[in-house]
Amino acid sequence: MSRIISFAWLLLCAAPATAQTGLNKKTERAVDSVLRLMTLDEKIGQMNQYNGPWSATGPLTNDGNLLDQVKSGKVGSMLNVTGVKRTRELQELALQSRLKIPLLFGQDVIHGYRTIFPLPLAEAASWDLAAMEASARVAAKEASAAGIHWTFAPMLDISRDPRWGRVMEGAGEDTYLGSLIATARVKGFQGKGFGDTSAVMACAKHFVAYGAAEGGRDYNTVDMSMRRLHEVYLPPFKAAADAGVATFMNSFNDLNGIPATGSKYLQRDLLKGAWKFNGFMVSDWGSIGEMINHGYAKDNREAAMLAANAGSDMDMESRSYTKELATLVKEGKVKMSVIDDAVRRILRKKMEMGLFANPYKYADLKREQDNWDNPEHRKIARDIAQKSMVLLKNEGSVLPLSTKTSSIALIGPFVKAKSDHLGFWSYDWPDDTARISSIWEAVSRKMGGDSKLLYAKGAAITGDDRSGFAEAIEKAGKAEIVILTVGEARDMSGEAKSRSSLQLPGVQEELVKAIVALGKPTVVLISAGRPLIFNWTADHAPAILYTWWLGTEGGNAIADVLFGDYNPSGRLPMSFPRAEGQIPIYYNHYNTGRPAMHDSDKFYRSAYTDLSIYPKYPFGYGLSYTQFEYSPVSLSAATLRKGQTLRASVTLTNKGKVAGKETVQLYIRDLSGSVVRPVKELKGFQQLTLAAGESRKISFDITVEDLRFYNEQLQYIWEPGAFKLYIGKDAAHNNEAAFEVLQ
Ligand code: BGC
């Protein structure tokens with residue numbers, strides 16, 4: 001062990017893991033002691049992140065012998081290197097460098113590692129923050145046991161455009177819900193704190209406004225007011241920073257003409273300045289070099305200069321830093337203090353993770369094995385998979401099904417699917433076929449011995465082959481109940497998966513028509529990574545369950561919901577459009593001077609002449625096997641002043657025959673302000689389970705702090721005036737009350 005490492009280690013024995021805001025003096029001294037010994041090249045090496053030689057998640061830059069570069073201290077971090085064996089081997093190489101500074105291994109552990117959880121958007125539909133924290137916790141345990149130190153998650157991009165393929169990776173359209181989910185996920189990944197071997201560093205990405213890409217086309221331009229940026233897109237990132245997130249990743253898009261990667265305002269002034277973020281900023285894959293394509297940098301040298309000065313600390317895969325930073329420092333175009341600041345931030349995290357003390361801390365074969373097939377993890381995955389499904393329709397109470405049903409026909413391209421359940425950004429393991437239950441297998445296990453199960457694929461996900469229709473119609477015709485699975489393929493939503501059409505792909509909707517025409521009790525299961533458009537199905541199929549992509553336990557969880565072992569409780573985290581032409585459609589829009597209030601409004605309304613003004617399904621929507629009734633809203637007072645609390649209450653009654661979980665949602669509207677305010681904003685929600693026939697009073701406490709917004713000068717203020725408050729089951733169905741805020 002070198003002198004430097006032992007010195008750092010001694011200091012760190014006494015140093016607890018730090019929180020975001022308070023720097024630990026001992027850690028800082030240890031970091032400085034290393035920094036003082038580093039040459040410029042070694043410092044630049046720390047700012048450089050390489051992809052491993054096994055798999056890639058972006059376009060590779062091959063230059064020279066990767067392993068030699070690791071050995072000579074030219075690489076500070078690697079991505080896409082997993083498993084104790086590989087991470088150990090590479091760490092051994094890094095420890096052959098002069099200063100023996102350990103590598104950081106980063107990876108896209110987006111919704112699970114060995115145990116795959118529902119897509120982040122699907123999890124968001126659970127509205128269950130504790131369950132989302134638990135899912136991130138398991139992901140961190142499994143990933144850290146496989147030698148990974150750092151996950152490139154959570155993705156915090158608010159998006160109002162389901163054409164954008166990456167909506168699958170976020171929390172949907174709402175800032176309030178998205179901010180709470182950001183906190184839960186950061187807490188889950190980082191667990192007890194850096195240095196605990198079951199914790200990974202989290203990464204708030206993509207900073208910022210990537211989800212607002214024009215036309216929903218990935219990587220596209222974003223042009224928006226600063227007020228909208230602060231009000232809608234930044235809060236989840238601020239929440240992550242406040243929760244102590246270790247790192248940020250910048251985004252591919254330009255924001256108002258400046259690529260986010262080169263934005264000094266975003267990275268230095270806001271994040272590291274105003275928010276006092278003490279972690280580091282990694283670029284997105286190649287985004288430093290891509291500033292040349294944007295037309296913002298004339299060459300790699302200028303790109304490196306702009307990114308470093310703006311506060312991008314680590315270069316993921318563009319090589320601009322290794323190639324150009326040394327010259328830029330010599331020419332005085334990048335100050336040594338900029339380099340030192342970036343390296344200090346990176347070393348700080350390596351220290352906090354305990355890597356200087358023990359570079360192999362996360363390379364423990366036994367722990368890797370112990371976490372390989374952990375039944376407890378699968379239980380947690382099944383729990384959140386159940387909670388993520390959204391029941392969109394259940395006419396005639398087709399669902400839940402009885403296990404005594406004489407015969408069920410399972411039709412569609414997903415019935416026997418296995419790894420398709422995993423969705424985009426997930427890992428395929430060689431034993432997945434044995435580990436993952438298909439819907440077919442899971443339903444078979446639920447059914448009594450005398451029941452008959454029939455199967456026909458009917459159609460593929462894409463293509464126009466209708467030759468399987470006849471068999472599907474025949475099998476469905478013989479069954480008492482039909483379960484029909486349709487949707488997107490696993491890789492149809494995700495990065496670079498924008499789609500101009502959100503209809504069910506291929507001939508799937510035709511298949512639905514052919515089957516529904518039989519008039520049988522039919523349940524349609526829709527697998528997708530985004531809100532799809534399926535108007536005919538929505539209007540004609542008796543029952544629809546939106547199952548997203550649910551991960552390793554998807555098949556089992558779907559069967560649990562079909563047979564009523566779990567009463568569905570998911571609520572949509574995005575509005576579902578009825579046509580692509582309605583996009584962007586989101587519940588918290590502004591009113592115009594001529595708002596469209598009803599479909600019957602004929603003249604001069606802000607709407608299309610050929611479309612309803614309503615989404616197909618509103619934000620917050622979801623049914624249960626029971627029915628809930630809301631009483632009118634009662635308020636503790638008609639007015640609210642600074643320092644006071646207004647209590648809004650409703651009584652919720654379960655009017656059905658089974659217990660069920662409701663997500664009671666609170667929305668507020670500021671009726672007139674110094675700037676235009678949204679027609680409604682989510683300000684709170686509570687989940688509660690009521691037995692059949694049970695009633696319970698639910699209250700929300702509101703203060704003026706809940707009413708703040710950004711005014712024209714970007715001050716975060718509240719204003720006196722008239723407000724409306726709504727409590728109900730979703731953004732469109734609620735009971736209202738009025739109150740006034742007094743100065
Ligand atoms: C994505 C990031 C991801 C990175 C590394 C990029 O293309 O935008 O979200 O973390 O690749 O895989």
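Atoms within a ligand are numbered from 1 in the order they appear, just like the ligands themselves. Note: hydrogens, waters and symmetry copies are ignored here, and every other heavy atom, side chains too, is used. For the single chain, residues carry numbers from 1 onward in sequence order.
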Undergrad: Take R499 and D218 through the salt bridge (Lys or Arg N to Asp or Glu O under 4.0 Å) test and state the conclusion after the steps.
TA: CA-CA 10 Å; R499 287 178 59 201; D218 212 352; over 6 Å; no

Undergrad: So for ligand 1, is E495 a polar contact partner (N or O within less than 3.5 Å, distance only)?
TA: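 Looking only at distances, the answer is yes, because the N/O contact criterion of under 3.5 Å is met.
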
Undergrad: Distance under 4.0 Å to a non-hydrogen atom of F252: what atoms of ligand 1 satisfy this?
TA: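 Close to F252: 6 (C), 7 (O), 8 (O).
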
Undergrad: Number the atoms of ligand 1 from 1 as they appear, then name those within less than 4.0 Å of a heavy atom of M249, with their elements.
TA: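 Every atom of ligand 1 under 4.0 Å from some heavy atom of M249: 2 (C), 10 (O).
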
Undergrad: I'd like to know if R319 and E317 make a salt bridge, using a cut-off of under 4.0 Å between side-chain N and carboxylate O.
TA: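 Between E317 and R319 there is a salt bridge, with a charged N closer than 4.0 Å to a carboxylate O.
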
Undergrad: For atom 6 (C) of ligand 1, which candidate among D284, D157, T57 provides the closest heavy atom?
TA: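 Selected option, by shortest heavy-atom distance: D284.
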
Undergrad: May I ask which of H206, M155, Q49 has a heavy atom nearer to atom 9 (O) of ligand 1 than the others do?
TA: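 The option holding the nearest heavy atom is H206.
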
Undergrad: K205 to ligand 1: N or O pair under 3.5 Å?
TA: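 Min N/O separation from ligand 1 is below 3.5 Å for K205.
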
Undergrad: Looking at W285 and A56, what are the two nearest heavy atoms and their distance?
TA: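 Scanning both residues completely, I find the closest heavy atoms to be CH2-CB, 4.1 Å.
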
Undergrad: Counting heavy atoms only, which part of N80 comes closer than 4.0 Å to ligand 1: side chain, backbone, both or neither?
TA: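 The answer is neither.
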
Undergrad: In this structure, is the centre-to-centre distance between the rings of H111 and F117 below 6.0 Å?
TA: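 No, the ring of F117 stays outside the 6.0 Å limit from the ring of H111, centre to centre.
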
Undergrad: Just so I know, are the side chains of I339 and V343 near enough to count as touching, which here means a heavy-atom distance under 4.5 Å?
TA: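 The answer is yes, as the side chains (C-beta and beyond) meet within the 4.5 Å cut-off.
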
Undergrad: Once you restrict to heavy atoms under 4.0 Å, what part of R166 touches ligand 1? Side chain, backbone, both or neither.
TA: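 Looking at R166 and ligand 1, just side chain atoms fall under 4.0 Å.
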
Undergrad: Name the residue from E142, R378, R435, E553 that meets the side-chain hydrogen bond (donor to acceptor under 3.5 Å, both in side chains) definition with T115.
TA: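 Going through the options one by one, the only one that passes is E142.
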
Undergrad: Show the atoms of ligand 1 that are less than 4.0 angstrom away from any heavy atom in F152.
TA: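 Listed by number with element, the hits are 10 (O).
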
